[in-house]
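Presented below is the structure to which this report refers.
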Amino acid sequence: MKPRLRIGLSVAFAAAGAAIVIAFAAGLAWNSPWQPAQRLDWDGAAFLSVSGAALEDAGRLRVEGPGADATAVQSLATAPFEARAHPLLRYRFDGLPPALAVSFAFRRADAPDRLHVVELPWPGGGSGSFDLGAIPDWRGTIEEIGFAEFPTPQVMPPDAGFAPFALVDVQLWSPSWRGSLAALGSAWLDPWPWTTRSVHALGRDGAHFRQWPPTLTFALLAALAAAGWVVALRRPPRRLLPALAAALAIGWGLLDLVWAGGLRWRATAARAVYGELDLAQRTAAVPDRDLVEVAQQVAWLLRNEPDVPILIHARSGYPLYRLIWHLLPRNAFALSQAMEAAPAIQAGLPLFADGLDPERPPMLQGEVLKPGSVLVFFNMPQWQFDAARGVVAAGDVALPGEQLLARDRLLVVRYRGLR
């Protein structure tokens with residue numbers, strides 16, 4: 001076979017293999033058409049502003065301000081349609097601030113009182129696509145859809161970063177190659193608001209994606225390219241490893257470009273909120289001011305006891321560890337971890353660490369707290385202080401102590417010990 005023909009055939013084979021990898025990465029249904037057979041299309045002005053100030057503007061819904069909770073919500077009661085027949089969501093905004101995250105919400109006819117919410121990639125070019133077929137709850141008959149825009153949780157202060165924007169239009173497509181490839185592009189290239197999952201580069205920033213992550217896809221493409229190079233140029237098999245290393249290096253460079261784009265977008269969002277503030281103002285403009293206030297209340301309450309252990313119990317990990325952070329340099333720990341680390345005795349007093357692991361909450365037994373320790377319960381309404389018994393209790397669990405402070409979602413108790 002002539003060298004040019006061999007090279008041409010190898011390139012064609014590699015291109016076909018790459019197309020197959022991309023098709024699998026996008027979750028393409030082989031029997032789907034290129035264009036969607038059915039489309040549901042709504043102008044932004046068809047949506048009703050549920051929260052926030054909004055007005056119709058040439059077929060668009062222009063959102064001028066957020067609601068009382070710093071969230072703008074738009075809703076549309078639709079004619080009933082089948083979810084599985086329209087899994088591909090396309091949404092378009094104009095001027096959406098990078099400090100705002102976006103969620104899609106819907107209600108099903110079989111559970112009209114339950115609102116299902118899905119996080120969306122931020123529409124980097126103004127428009128975005130998402131494959132709702134990966135969402136288990138996207139089934140049955142849909143009777144209402146909507147969007148919510150809000151400051152990125154755990155990153156942006158709730159009263160900063162908002163600017164007027166417009167919801168332009170929304171579409172739901174039936175399965176198609178074009179729609180699946182667009183969803184793949186959004187999953188890979190559209191920025192995702194910074195979350196606690198974003199601190200590592202190799203994992204996916206968000207959940208509920210049907211598409212393969214770019215790391216896996218690029219690795220397969222690199223292997224395919226290396227194999228094609230060896231076959232096309234009739235290189236000996238021992239040259240496959242250097243070729244694969246070179247292809248992986250090129251793929252890694254492309255991934256770096258994708259990640260760098262996401263970091264640039266996040267830096268833009270941060271500058272929009274914090275760029276004009278000095279150091280003192282930036283320190284005060286934290287996204288979790290409620291937790292700062294709680295930490296300040298606890299620190300003031302114990303201002304004359306600098307060395308007392310503070311054991312914190314919260315509904316989820318974020319407020320738990322942020323409270324520990326805001327209490328530094330005080331001697332603060334997670335209540336559940338402190339009890340797990342200490343030796344237990346036969347006291348038969350169980351304590352469940354609610355919210356830290358909903359699937360398997362750890363049972364902790366015994367007196368592992370020193371008398372005089374301070375227990376802080378934040379946003380744990382099941383824990384109540386019983387003055388008549390002199391205990392803080394949740395169900396059948398009771399810990400003896402005296403109440404130091406009870407305010408809003410905060411309960412502070414000094415532990416007395418079991419004896």
Side-chain angles (χ1 to χ4, degrees), residues 154-155 157-158 196 199 274 277-345 347 349-357 362 364-387 389-394 397-419:
Q154 306 174 10
V155 177
T196 53
V199 295
Y274 300 102
L277 305 179
D278 59 28
L279 181 59
Q281 291 172 324
R282 292 180 186 182
T283 303
V286 294
D288 50 1
R289 293 173 185 169
D290 57 337
L291 298 180
V292 173
E293 293 175 359
V294 167
Q296 290 175 342
Q297 292 176 18
V298 174
W300 174 256
L301 183 68
L302 304 176
R303 62 192 181 279
N304 296 323
E305 303 176 64
D307 298 324
V308 63
I310 304 173
L311 290 307
I312 302 174
H313 202 33
R315 185 174 298 276
S316 61
Y318 178 76
L320 171 66
Y321 293 108
R322 286 296 287 176
L323 282 174
I324 293 175
W325 170 266
H326 290 310
L327 280 167
L328 289 174
R330 300 298 299 258
N331 191 23
F333 303 92
L335 174 61
S336 59
Q337 292 179 349
M339 296 186 75
E340 286 175 342
I345 63 173
L349 253 177
L351 176 69
F352 289 87
D354 294 335
L356 296 181
D357 187 356
L364 313 170
Q365 290 188 333
E367 181 175 21
V368 295
L369 299 175
K370 295 181 179 179
S373 300
V374 174
L375 312 182
V376 176
F377 300 90
F378 176 72
N379 199 22
M380 301 289 286
Q382 66 271 40
W383 286 91
Q384 299 289 331
F385 185 76
D386 187 339
R389 298 165 56 197
V391 299
V392 57
V397 181
L399 297 174
E402 61 174 312
Q403 178 176 294
L404 301 181
L405 178 66
R407 183 177 300 170
D408 298 329
R409 296 177 293 172
L410 175 64
L411 175 62
V412 182
V413 176
R414 189 182 302 278
Y415 179 65
R416 286 204 313 266
L418 298 178
R419 300 177 182 82

- R407 CZ: over 12 foreign heavy atoms closer than 6.0 Å: no
- Query: Under 4.5 Å between any side-chain heavy atoms of L291 and W325, yes or no?
  - Reply: no
- Partner of R330 under side chain to side chain contact (heavy atoms under 4.5 Å, CB included), chosen from V308, V298, V374: V308
- Note on the structure: One should read off an interatomic distance between I324 CD1 and N331 CG, to the nearest 0.5 angstrom, of 10.5 Å
- Task: For Q297 and V412, run side-chain contact (heavy atoms from CB on, under 4.5 Å): C-alpha distance rounded to whole Å, both residues' side-chain angles, the deciding distance at 0.1 Å, then the answer.
- Result: CA-CA 10 Å; Q297 292 176 18; V412 182; over 6 Å; no
- From CG (L410) to CG (L404), nearest 0.5 Å: 10.5 Å
- Item | Minimum-distance pair of heavy atoms, taken over all atoms of A295 and L327 | O-CD2, 3.5 Å
- Task: Indicate the atoms forming the closest heavy-atom contact of W383 with L411, along with that distance.
- Result: O-CD2, 3.7 Å
- Query: Okay, side chain of R303, backbone of W300: is any donor-acceptor separation there less than 3.5 Å?
  - Reply: yes
- Query: So which heavy atom on Y415 is nearest to which on P400, and how close?
  - Reply: CD1-O, 3.3 Å
- Note on the structure: Taken to the nearest 0.5 Å, the spacing of E293 CD from D408 CG works out to 9.5 Å
- Query: How far does CE of M380 sit from CG of L375, to the nearest 0.5 angstrom?
  - Reply: 12.0 Å
- What are the two closest non-hydrogen atoms of L320 and A334, and how far apart are they? CD2-CB, 3.8 Å
- Item | Test: R414 and E305 ion pair at under 4.0 Å | yes
